[in-house]
Amino acid sequence: MRELLDAVASGEVSPAEAEARLAGYATTDAGRFDAAREQRRGVPEAVYAEGKTADEVVDMLLASLETTGRGIATRVSDEQAAAVRDALDDAGLDADVRWRDRAGVLLLHAPDYEPPDVDATVRVVTGGTVDRGPAGEARAIAAEMGAAVELVEDVGVAGIDRLLDRVDKLREADVLVVAAGREGALPTVVAGLVDTPVIGLPTNSGYGHGGDGEAALLGMLQSCTVLSTVNVDAGFVAGAQAGLIARAIDGH
């Protein structure tokens with residue numbers, strides 16, 4: 001405790017970082033950032049940007065960067081991403097910024113940040129181009145948790161030969177996240193072809209009744225093959241689950 005207080009007094013440690021070490025969180029005008037979540041849960045804290053102002057997203061990400069060496073935000077708009085870049089420039093902070101606009105994911109890494117390294121492979125599979133947003137979110141989160149992540153795109157069941165010629169690639173993975181809309185058949189088919197854990201990610205695409213992702217969700221929940229299913233467009237959850245499985249495989 002005394003060493004930490006001395007470090008704060010000397011300017012080596014900021015008050016926010018000291019608070020995070022002692023309480024597990026850092027307090028900002030936008031709320032409290034759970035800086036200890038990754039150590040406690042294995043899943044990094046992320047800022048859910050939808051519904052927040054640009055200033056609130058900035059406050060939370062700067063707290064994240066200061067206390068953990070990185071920042072993750074999901075459902076980020078172009079305006080919010082631009083505000084974060086401007087805030088970093090105004091504060092003179094040197095950070096690697098990665099903006100995944102299709103997925104709505106913004107990643108910040110401090111120069112001295114050392115990312116986790118997990119010896120396991122996650123493959124994120126999409127039925128079609130429309131699935132790229134949620135799939136990209138899952139891909140980003142699993143990678144932030146240290147897994148080696150690869151993307152296998154456009155293998156929807158409407159042209160099942162596109163899937164069958166990638167089966168060997170899918171079987172090489174330790175974990176699969178399979179994103180699909182419409183009736184959500186792709187994860188069921190994939191799970192019947194591999195001996196790998198499959199996480200179904202229903203996406204908000206399709207026509208008319210059930211076309212908001214509901215049909216895809218229900219189809220995956222009723223799958224006759226063994227798979228786990230997350231909520232509609234819940235790319236963060238799918239990526240985090242894949243990351244946890246990858247960590248367990250690496251630990252084993």
Side-chain angles (χ1 to χ4, degrees), residues 38 41-50 61 64 70-78 81 96-109 113 115-156 162-163 166-167 169-181 184 186-187 190-191 194 196-205 213 216 220 227-250:
E38 187 165 17
R41 180 66 181 87
V43 177
E45 169 77 302
V47 177
Y48 183 77
E50 190 172 307
L61 280 178
S64 177
R70 74 164 164 197
I72 304 171
T74 62
R75 307 296 174 93
V76 179
S77 68
D78 291 336
D96 176 39
V97 180
R98 302 176 189 179
W99 169 226
R100 311 286 192 245
D101 57 342
R102 182 67 176 268
V105 176
L106 185 65
L107 305 172
L108 311 178
H109 290 166
Y113 175 71
D117 184 16
V118 174
D119 186 16
T121 300
V122 174
R123 291 207 165 98
V124 178
V125 185
T126 68
T129 305
V130 71
D131 305 315
R132 282 181 176 176
E137 188 174 283
R139 180 186 186 186
I141 300 308
E144 283 296 306
M145 292 177 66
V149 185
E150 297 181 24
L151 193 61
V152 179
E153 292 193 286
D154 205 16
V155 294
R162 298 176 301 175
L163 171 63
R166 304 302 298 277
V167 169
K169 187 77 170 174
L170 301 185
R171 286 174 175 160
E172 294 171 359
D174 295 300
V175 193
L176 293 171
V177 175
V178 185
L186 181 61
V190 170
V194 302
T196 297
V198 175
I199 300 167
L201 171 55
T203 64
N204 183 3
S205 68
M220 293 180 201
L227 58 87
S228 301
T229 303
V230 301
N231 212 338
V232 178
D233 289 344
F236 179 92
V237 179
Q241 288 284 59
L244 288 172
I245 295 171
R247 281 165 50 101
I249 291 170
D250 179 48

K.L.:
Given side-chain contact (heavy atoms from CB on, under 4.5 Å), test W99 with D78 step by step and report yes or no.
P.N.:
CA-CA 9 Å; W99 169 226; D78 291 336; 3.3 Å; yes
K.L.:
Check whether more than 12 heavy atoms from other residues, nucleotides or ligands sit under 6.0 Å from atom CZ of R171, and answer yes or no.
P.N.:
yes
K.L.:
Do R132 and T129 have side-chain heavy atoms sitting under 4.5 Å apart?
P.N.:
yes
K.L.:
Are the side chain of R139 and the backbone N or O of V124 linked by a donor-acceptor pair below 3.5 Å?
P.N.:
no
K.L.:
Output yes when R100 and E137 qualify as a salt bridge under the 4.0 Å nitrogen-oxygen rule, no when they do not.
P.N.:
no
K.L.:
Evaluate the criterion side-chain contact (heavy atoms from CB on, under 4.5 Å) for residue pair V190 and R166; output intermediate values, then yes/no.
P.N.:
CA-CA 10 Å; V190 170; R166 304 302 298 277; over 6 Å; no
K.L.:
For a quick test of reading the model, state the closest non-hydrogen atom pair linking T196 to A173 and the distance between them.
P.N.:
OG1-O, 3.2 Å
K.L.:
With side chains defined as the heavy atoms from C-beta onward, is the minimum distance between E172 and T121 less than 4.5 Å?
P.N.:
no
K.L.:
So do the side chains of P202 and T229 get within less than 4.5 Å of each other, counting heavy atoms only?
P.N.:
yes
K.L.:
Heavy atoms, side chains only, cut-off 4.5 Å: are V175 and I249 in contact?
P.N.:
yes
K.L.:
I need the minimum non-hydrogen distance between A238 and A138, along with the two atoms involved.
P.N.:
CB-CB, 4.3 Å
K.L.:
Would L163 and L170 satisfy side-chain contact (heavy atoms from CB on, under 4.5 Å), going step by step from the backbone distance to the final call?
P.N.:
CA-CA 9 Å; L163 171 63; L170 301 185; 3.8 Å; yes
K.L.:
Any idea which heavy atoms bring N204 and V232 closest together, and the distance?
P.N.:
N-CG1, 3.9 Å
K.L.:
Closest heavy-atom contact between V118 and A147?
P.N.:
CB-N, 4.0 Å
K.L.:
Contact between P116 and M145 at the side-chain level, heavy atoms closer than 4.5 Å - yes or no?
P.N.:
no
K.L.:
In terms of heavy-atom contacts, does CG of D101 have more than 12 from other residues, nucleotides or ligands at under 6.0 Å?
P.N.:
yes
K.L.:
So, for V125 and L186, which heavy atoms are closest and what is the spacing to 0.1 Å?
P.N.:
CG1-CD2, 4.3 Å
K.L.:
Under a 3.5 Å distance rule, please check whether T203 uses its side chain to pair with a backbone N or O of A179 as donor and acceptor.
P.N.:
no
K.L.:
Closest approach of I141 and G239, non-hydrogen atoms and distance?
P.N.:
CG2-C, 4.0 Å
K.L.:
Measuring only between side-chain heavy atoms, which start at C-beta, is D174 closer than 4.5 Å to I245?
P.N.:
no
